[in-house]
Amino acid sequence: MIVTITLNPAVDTCYYVSSFLLGETNRSDQYVKTAGGKGLNVSKVLKQLGADVIATGFLGGTTGQFIAEEVQKKSIISRFTQCKEDTRNCIAIIDQAGQHTEMLERGPKITEEEAKKFFQDLTELYKLREIQAIVASGSIPAGLGKDYYCHLIREAKFRKIPFILDTSGDALKEAIQAEPYLIKPNISEVASLLEREIRTEREVLLALQDEKLRIIPNIVISLGAGGAMARCDKEIYKVIIPTIEVKSPVGSGDAMVAGMAYEITKKSTNEQVLRVGTTCGILNAMHVETGYIDIEKFNMLYKEVQIIRLN
Ligand code: ATP
């Protein structure tokens, strides 16, 4: 059983318009509404891989209700904690020229009691089920401290459950103090974490071995179409991927995290964890839908991913 944590989920609505005009009334007769948030993308991919998954986080209002229903439709077990304020809406507008305009709400402010309740609900889950991994993804909502992930990581460490974290900015900066089992920043996230430019392969290698990150057992830096580089304990790996026809890479990092979490629960080798994670990332990029992998294509792509140990 894998627990996913989405502290700030969203109802993602994507409007397709012929042209988008500022200051005008724009109409759309084609739009898609989905349950979004990085942890929910992870949950969807885990489900497609055949993992048992419990989705947690905060949900509030009718937007929260919409997400709860969508999660249920995908047969994912839902154990969200209720919050008073509404779950956020995130809006994307795509015009015929392919130009994206986004409007992202900040999301609900979580009260102290709600935060406590979430922690209680989570520890209750740990008692009732055998949890083999926890995956926390995305930003921390208002009301919770920047160090909120630290509490969750420490509790998981105490229970000897691997905690996989995919976040950015201050939330990541704070969380590394609590030593999560695995982090998966992309190149700009790791550059911001280490407060320096990272562009070349050598700079990525140096980042993996940086003193600040030494306490983290596993770091995977995803490089989009460039594959990934990773350090698992002292071993350094380069992941080379095949060229594919890309439809939308949005959520590929989430799919990658799902694949790695799944293999971690199976106690697979580092190579296998990286290979399955990468394959899921690529599969996600091959579809427009975020958090969707065509499992039929898994074996074919899996064989084409190369994992090279560099030391
Ligand atoms: P997101 O935040 O949208 O989830 P990310 O920035 O965290 O994404 P990426 O580095 O873009 O993550 O992608 C993760 C993995 O997905 C890559 O290591 C790669 O294996 C695969 N991937 C992403 N983009 C592409 C692409 N254009 N072509 C092939 N594979 C891709």
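For ligands, and for the atoms within them, numbers begin at 1 and follow the listed sequence. Residue numbers count from 1 along this sequence.
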Just checking [X]: does its [atom1] atom have more than 12 heavy atoms from other residues, nucleotides or ligands closer to it than 6.0 angstrom?
X: K212; atom1: NZ; answer: yes
X: K238; atom1: NZ; answer: no
X: E235; atom1: CD; answer: yes

Check each of [options] against [atom] and report the one with the nearest heavy atom.
atom: atom 22 (N) of ligand 1; options: P249, S222, G224; answer: G224
atom: atom 14 (C) of ligand 1; options: G253, C280, G281, A285; answer: G253
atom: atom 13 (O) of ligand 1; options: G277, S252, G226; answer: S252

For [atom], the protein heavy atom that lies nearest, with its residue and separation:
atom: atom 15 (C) of ligand 1; result: M256 SD, 3.9 Å
atom: atom 6 (O) of ligand 1; result: N186 ND2, 2.9 Å
atom: atom 27 (N) of ligand 1; result: V246 CG2, 3.4 Å

Run the numbers for me: atoms of ligand 1, each under 4.0 Å from some heavy atom of [X], listed by number.
X: I244; answer: 28 (N), 29 (C)
X: D254; answer: 4 (O)
X: V250; answer: 3 (O)
X: G227; answer: 17 (C), 18 (O)
X: T278; answer: 20 (O)
X: G251; answer: 1 (P), 3 (O), 4 (O)
X: L223; answer: 10 (O)

Item to check | Per-residue contact class, I241 against ligand 1 - non-hydrogen pairs under 4.0 Å | outcome: side chain

Checklist entry - Hey, is K184 one of the residues with a heavy atom under 4.0 angstrom from ligand 1? => result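 Per 4.0 Å heavy-atom rule, K184 contacts ligand 1.
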
Checklist entry - Can you tell me if K38 has a non-hydrogen atom under 4.0 Å from ligand 1? => result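 For ligand 1, residue contact (heavy atoms, under 4.0 Å) with K38 is present.
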
Checklist entry - How far apart are the closest heavy atoms of N8 and R106, and which atoms are they? => result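 Answer, listing the atom of N8 first, then R106: ND2-O, 3.3 Å.
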
Checklist entry - E179 and R214: salt bridge (Lys or Arg N to Asp or Glu O under 4.0 Å), yes or no, with the steps? => result CA-CA 9 Å; E179 301 173 32; R214 241 175 74 169; over 6 Å; no

Next on the checklist: Assess the residue pair K127 and E124 against the criterion (salt bridge (Lys or Arg N to Asp or Glu O under 4.0 Å)); give the C-alpha distance rounded to whole Å, side-chain angles, the decisive distance to 0.1 Å, and a yes or no.
Outcome noted: CA-CA 5 Å; K127 283 183 212 150; E124 209 48 45; 3.8 Å; yes

Next on the checklist: For F58 and F80, I'd like to know if the aromatic rings sit close, meaning centre-to-centre distance below 6.0 Å.
Outcome noted: no

Next on the checklist: Going by side chain to side chain contact (heavy atoms under 4.5 Å, CB included), D254 matches just one of D166, V135, V45, N284. Which one?
Outcome noted: D166

Next on the checklist: Determine whether Y15 and Y31 satisfy the following criterion, ring-ring contact (aromatic ring centres under 6.0 Å, His included), listing intermediate values before the conclusion.
Outcome noted: CA-CA 4 Å; Y15 293 102; Y31 48 90; 5.7 Å; yes

Item to check | Non-hydrogen side-chain atoms of L49 and C280 separated by less than 4.5 Å | outcome: yes

